[in-house]
Amino acid sequence: MSGTTVPADEEASRGPAVGRVALRRPRLPGWSLAALALGSVAVGTGVGLVARLDSRGQWGLIAALVFVGATFALSASVEGRRHAVDRLAAVLVWACFIVAMVPLASLVWETVARGIPGVSWYFLTHSMNGVLSWQEGGGIYHAILGTVEQVLLASVIAIPLGLLTAVYLVEYGRGRLARAITFFVDVMTGIPSIVAGLFVLSLWIMMLDFGYSGFAGAMALAILMVPIVVRSTEEMLKLVPNELREASLAMGVPKWRTILKVVLPTAIGGITTGVMLALARIAGETAPIILLVFGNNMINGNPFEGAQSSLPLYVYEQWGFGTEQAFDRAWAAAAVLIAFVMILNLVARGIARWKAPSGGR
Amino acid sequence: MAKRIDVSALTAYYGAHKAIDGITLHVEPASVTAFIGPSGCGKSTFLRTLNRMHEVTPGGRVEGKVLLDNEDLYGQGVDPVSVRRTVGMVFQRPNPFPTMSIYDNVAAGLKLNGIKYRRSELDDIVEKNLRGANLWNEVKDRLGRPGSGLSGGQQQRLCIARATAVEPDVLLMDEPCSALDPISTLAIEDLIDKLKTEYTIVIVTHNMQQAARVSDRTAFFNLAAIGEPGRLIEVDATEKIFSNPSVQATEDYISGRFG
């Protein structure tokens with residue numbers, strides 16, 4: 001600025017010229033958005049009533065579109081383009097979030113609402129032995145037992161295999177073999193569960209002549225579980241800073257001990273989460289169970305001998321009976337299965353939080 | 001026991017790229033030797049060849065000899081793990097193990113090597129090395145807290161305590177103060193002065209005042225051009241290097257007339 005004073009009207013006429021940015025700009029007050037939302041709902045309802053649209057979904061859609069348009073227009077006129085685009089993006093992000101949440105929330109709500117009345121101590125501790133499809137009563141004890149045993153067996157096979165593969169890929173693997181393994185793990189991720197089931201069926205039951213058993217199902221589940229464990233563990237091991245490996249090696253610690261005592265403990269929280277998610281994923285598998293475990297109304301505690309049941313298979317069977325009583329049992333079993341998976345996820349989060357390396361003072 | 005290091009005609013590669021070429025250098029026992037030179041001239045690479053950490057990098061390999069009290073580190077049948085137990089290292093960025101407490105970080109070298117110690121022995125070792133690293137008074141009341149909760153300077157001293165706890169003969173330091181403030185730097189420099197009675201110390205630094213302050217001998221590295229391998233230009237008593245170097249390039253670098 002020179003010493004001479006600039007006339008006010010000249011300064012105003014320059015407006016937002018280069019190098020002059022107004023620090024204060026008008027903003028929309030918080031209540032204006034709420035008012036817009038209410039107004040949009042009113043317009044949506046009004047249009048719906050006038051045009052005699054049947055579906056409330058259409059009303060909502062009209063209201064949403066009006067809200068998005070009105071917000072953008074109002075914000076653009078008052079706050080300027082950048083803020084208007086910002087509001088538009090925020091509204092879209094929220095809309096996507098809500099659209100994604102609706103099926104999830106309604107699924108959980110529906111299952112819990114229909115399932116919980118059927119869940120009782122009796123239901124959890126009895127099998128379906130001797131219960132006909134149209135009869136009341138019966139339970140899922142045999143199915144819970146089967147699911148737990150099959151998932152445990154699958155984990156016993158898949159977790160060491162997956163962990164060791166991931167350790168190989170991150171810590172040792174170089175060149176062609178590592179690339180081939182990564183490729184096949186990727187391919188395995190995409191295997192449909194029925195194909196894994198068919199593979200075990202042809203190999204274990206048809207060629208090697210073993211019978212239906214929980215173990216046969218567990219093998220198919222393990223095939224599905226291994227790639228998930230490998231992938232998640234790999235990502236977690238890659239997150240471990242190389243400086244920690246070097247610090248350990250520079251003290252004369254052998255590589256295998258470095259991996260066991262430094263790398264794995266540092267990543268253990270994330271690895272546990274990945275394993276638990278894989279468990280949750282296979283706990284809900286039905287197709288390989290139908291092929292390999294066969295299903296059973298009685299309690300069979302031995303996963304290596306004879307047919308068993310499992311929760312997803314139980315739901316499928318009960319649904320198939322088509323009677324009122326069987327429907328109730330199917331909903332109740334589905335609620336128990338969802339609770340089982342949710343508990344697994346909560347446990348995983350708890351372990352991840354507990355084991356996470358703390359940086360706080 | 002501090003040991004002497006004799007390097008002869010050492011060349012190091014990263015895959016096909018030659019990083020340092022034909023370096024011959026002697027390091028006296030129980031002394032501090034500083035490596036100075038522009039970025040990318042191979043100081044750190046050379047430092048890492050002295051405890052066989054260079055080969056941890058994929059594609060890293062070495063030609064030439066490094067004698068530690070007349071024993072070739074790259075000789076047949078030499079186990080790199082044993083080499084690293086004899087030649088310890090402190091890194092540029094403090095890197096305490098995040099899953100371990102302060103106590104366990106110091107004891108890490110011993111515990112990770114699977115040697116069983118009695119608790120009282122371990123307590124003594126931890127206290128001795130934390131005192132040695134001038135950290136004991138600051139952390140003695142919170143040995144069970146995570147090491148990552150300390151300040152940067154404290155973390156670096158913790159790493160030095162961790163490196164000395166395995167009782168190496170040589171201590172390599174790769175720009176140990178570059179991430180620290182002047183007060184923490186002073187603490188580390190005092191520590192180096194104290195440690196040199198027991199250890200042979202080699203320190204890489206970009207701070208010329210630091211080289212002048214802490215080292216007995218200084219080695220100047222340079223590279224002809226980007227992509228060319230780094231070479232040792234001259235090595236001499238620190239006083240001589242900083243007052244009257246024999247090579248013009250050294251004088252240019254030290255007086256800031258470089259490049």
Side-chain angles (χ1 to χ4, degrees), chain A residues 163 167-179 181-182 233-274 350-361, chain B residues 47-48 50-59 79-101 104-115 142 145-151 154-155 158-159 162-168 171-174:
Chain A
L163 281 183
V167 166
Y168 170 78
L169 286 176
V170 175
E171 305 290 337
Y172 294 95
R174 303 265 175 273
R176 217 180 261 180
L177 180 62
R179 275 202 301 276
I181 292 176
T182 309
T233 308
E234 209 186 337
E235 294 309 318
M236 287 302 135
L237 293 180
K238 279 182 186 164
L239 285 182
V240 176
N242 224 9
E243 283 119 54
L244 296 183
R245 296 185 180 90
E246 292 201 332
S248 175
L249 291 175
M251 285 189 298
V253 179
K255 186 165 185 175
W256 68 274
R257 275 190 168 275
T258 299
I259 293 168
L260 212 61
K261 303 271 180 164
V262 174
V263 178
L264 286 176
T266 307
I268 194 70
I271 293 175
T272 316
T273 312
I351 291 176
R353 188 168 297 178
W354 172 48
K355 281 289 184 185
S358 55
R361 325 199 143 196
Chain B
L47 193 75
R48 287 165 67 93
L50 300 182
N51 71 341
R52 297 193 64 168
M53 281 299 285
H54 175 62
E55 65 206 51
V56 170
T57 319
D79 182 2
V81 170
S82 324
V83 170
R84 290 174 203 141
R85 223 167 283 181
T86 320
V87 184
M89 191 162 192
V90 176
F91 295 84
Q92 183 171 359
R93 290 226 319 253
N95 51 2
F97 298 126
T99 51
M100 298 183 193
S101 65
D104 287 337
N105 260 290
V106 181
L110 308 168
K111 280 191 175 171
L112 293 181
N113 279 318
I115 312 161
R142 44 173 175 161
R145 304 284 299 279
S148 44
L150 298 174
S151 76
Q154 290 172 324
Q155 286 189 15
L158 177 63
C159 292
R162 183 176 67 184
T164 54
V166 290
E167 304 196 329
L171 207 53
L172 308 176
M173 298 182 160
D174 189 355

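Each chain gets a letter, A, B and so on, in the order the sequences are listed, and its residues count up from 1. Just so it is clear, the structure is predicted and the values come from calculations on it, not from any experiment.
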Checklist entry - Would Glu246(A) and Asn95(B) satisfy side chain to side chain contact (heavy atoms under 4.5 Å, CB included), going step by step from the backbone distance to the final call? => result CA-CA 9 Å; Glu246(A) 292 201 332; Asn95(B) 51 2; 5.6 Å; no
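- Looking only at side-chain heavy atoms (C-beta outward), Leu237(A) and Val167(A) come within less than 4.5 Å of each other.
- A donor-acceptor pair under 3.5 Å is absent between the side-chain atoms of Lys255(A) and the main chain of Tyr172(A), judged by distance alone.
- Contacts between Arg162(B) and chain A at a heavy-atom distance below 4.5 Å involve backbone atoms as well as side-chain atoms.
- Interface summary for chain B: among Arg245(A), Lys261(A), Arg257(A), Arg174(A), the most heavy-atom pairs under 4.5 angstrom belong to Arg257(A).
- Side-chain contact between Gln155(B) and Asn105(B): absent, with no pair of heavy atoms (C-beta onward) separated by less than 4.5 Å.
- Residue contact with chain B, scored on non-hydrogen atoms closer than 4.5 Å, is absent for Thr258(A).
- Contact check for Leu150(B) versus Pro96(B): no side-chain heavy atoms found under the 4.5 Å cut-off.
- Looking at Phe97(B), both its backbone and its side chain come within 4.5 Å of chain A, counting heavy atoms on both sides.
- At a 4.5 Å heavy-atom cutoff, the contact between Met89(B) and chain A is made by backbone and side-chain atoms alike.
- For a residue to count as touching a neighbouring chain, one of its non-hydrogen atoms must lie under 4.5 Å from one of that chain's; by this rule Val87(B) touches chain A with the backbone only.
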